[in-house]
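Predicted model, so just to flag it, every value in this text is computed and none were measured. FYI, side chains are in, hydrogens and waters are out, and symmetry mates aren't considered; it's all heavy atoms of this structure.
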Amino acid sequence: MRRRLLSSMLLVAVIAVLLLGVPLGVVVVRLIHDEAATELHSEATRLLIGVEYSISQEQSIDPKQLEKNYPDRYIQVFVQGVAPIAAGTAPPAHRQMTEEARSENGYVRVSQDAAQVQQGVRARLVLIVALILAALGVAVGLAIVTSLRLTLPLQDLARIAERLGSGDARPSRHRYGIPELDRVAQVLDRSAVRIADLLGREREFATDASHQLRTPLTGLNMRLEEIVAAAGEPAIVREEGEAAIVQVERLTAVIDELLAAARRQRHAQAEAIDVDQVLDQQVTEWEPAFRRAQRSIKLVGSRGLRALATTGGLSQAVATLLENSLQHGGGTVTITTTSTEKSIVIEVADQGPGIPEELGGRVFERNVSGAGGTGLGLTLARSIVAADGGRLELIKRRPATFAIFLRHVEGDGRYRVVSGPA
């Protein structure tokens, strides 16, 4: 990435310098030539005026004096009443720059060697090239500094993400002075805190489960041993079998209690989220796929709704519904958001043929699919929504319409979650 940044910035700098430097060089060359021609014409005009004045005063014109007054010039005077005068050394014909001034009595021609002008042109072009190289040097320096400033934080963020993936959930607290990268770092830090909390709860759950399951399993094992030992005595076998059933029921109750505790932990992760933000993100993500299928997604209903859920859970559930509609539905998909007295409701409906009657009551069962799918998507989506304290229901078969019911945000900011009888 650093190489691409450097190449891009240098390419932009070279193009900018060339777009400015080449026209500047052309303008400078023209200005130098125009200035030399103007100077020669001015000298010719002054000479013509001086020659005519000398003739009017009956003074002689000394070629040596002209050569002395105008060094590096070749002067030719053609005026009535005076023999043609030539002063100085004539430059080669292919390098000669000539200007002349005319009057009624004649004209004066002044020439110089164009090599002198070319020398000035080269000097100024060298200066322009030096400035271009200096600008490129500054551009290279800025490109290096900018690429380092961008790539080093990205490498650091990649290391942090890799560390999170390996289970090291410590927040880094790194900030880089770049708003976009700082936001990514903040999200990673929040994710690290959540992962650490989840890992802690999972460890606690595993400890509780192992402790609470050990006792009923031990009792069940003892009863089974008694049944085996008393295989020839039906009365004892019956008695011990009934006791084993009691132990199994107790074990089932313990498992149910542990699962309820796990759900309460997940419910504790729910927070007030912006429903519009999640839906807008999903629409943006799925629009290209629907566009390729010559279909569209429409978002209607109440805006500015907030509900108790997790952003990841709601995003995954909505994505599952959109994917099902893309594969099995048809027409425009309409996502409608409403707020009722009890819930925030998100409806996802399309204009397809709907769900067959024989599958209407089984769409949420595991491994049930009407079109060769895995039969897991809706099952997992329903579990995810339920884990956040909500519900996912099929409210209409034709056309297929699913609804996600989420909890309202309490006004005092405390989210009471009820799981099972109070």
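Under the salt bridge (Lys or Arg N to Asp or Glu O under 4.0 Å) criterion, Arg159 pairs with Asp156, sequence neighbours left out. Partners of Gln76 according to the side-chain hydrogen bond (donor to acceptor under 3.5 Å, both in side chains) rule, which considers only residues two or more places apart in sequence or in another chain, do not exist here. Applying the salt bridge (Lys or Arg N to Asp or Glu O under 4.0 Å) criterion to Arg102, with sequence neighbours excluded, gives Glu100. Contacts of Tyr74 classified as ring pair (Phe, Tyr, Trp, His ring centres under 6.0 Å), with partners at least two apart in sequence or in another chain: none. With sequence neighbours left out, the salt bridge (Lys or Arg N to Asp or Glu O under 4.0 Å) criterion links Arg95 to Asp113. By the side-chain hydrogen bond (donor to acceptor under 3.5 Å, both in side chains) test, Gln351 is found to be paired with no residue, residues two or more places apart in sequence or in another chain being considered. Partners of Glu52 by side-chain hydrogen bond (donor to acceptor under 3.5 Å, both in side chains), not counting sequence neighbours, listed by chain and number: Ser103. Evaluation of the salt bridge (Lys or Arg N to Asp or Glu O under 4.0 Å) rule for Asp72 yields no partner, not counting sequence neighbours.
Donor-acceptor pairing under 3.5 Å is recorded for the side chains of Glu285 and Gln281. In this structure, a donor-acceptor pair under 3.5 Å is absent between the side chains of Gln186 and Asp182. At a cut-off of 3.5 Å, with distance as the only test, a side-chain donor of Ser325 or Arg295 sits close to an acceptor on the other residue.
Under the 3.5 Å distance criterion, the side-chain polar atoms of Thr337 are matched with a main-chain donor or acceptor of Ser302. Remark: the backbone N or O of Val110 is not paired with any side-chain donor or acceptor of His41 at under 3.5 angstrom. Looking only at distances, no side-chain donor or acceptor of Arg407 sits under 3.5 Å from a matching main-chain atom of Gly390. Put simply, the side chain of Arg397 never gets that close to the backbone of Gly354: no donor and acceptor are under 3.5 Å apart.
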Which side-chain N or O atoms in residues 286-293 pair as donor and acceptor under 3.5 Å with protein atoms at least two apart or in another chain?
{"unit_1": "Trp286", "atom_1": "NE1", "unit_2": "Gln282", "atom_2": "OE1", "d": "3.3"}

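The salt bridge (Lys or Arg N to Asp or Glu O under 4.0 Å) contacts involving residues 301-320 comprise Asp276-Arg303, Asp280-Arg303, where partners must be two or more places apart or lie in separate chains. For residues 316-338, no residue pair satisfies the salt bridge (Lys or Arg N to Asp or Glu O under 4.0 Å) rule, not counting sequence neighbours. The salt bridge (Lys or Arg N to Asp or Glu O under 4.0 Å) contacts involving residues 15-41 comprise Glu39-Arg73, where partners must be two or more places apart or lie in separate chains.
Heavy-atom contacts from other residues, nucleotides or ligands closer than 6.0 Å to CD of Gln96 number more than 12.
Side-chain contact between Asn105 and Val51 is absent, with no heavy atoms from C-beta onward closer than 4.5 Å. You'll find the side chain of Leu392 reaches within 4.5 Å of the side chain of Leu321, heavy atoms only. The side-chain heavy atoms of Arg382 and Val363, taken from C-beta on, include no pair separated by under 4.5 Å. Counting only heavy atoms from C-beta outward, the side chains of Ile344 and Ile404 never approach each other to under 4.5 Å. Contact of the Val29 side chain with the Leu125 side chain is registered, since non-hydrogen atoms from C-beta on lie closer than 4.5 Å.
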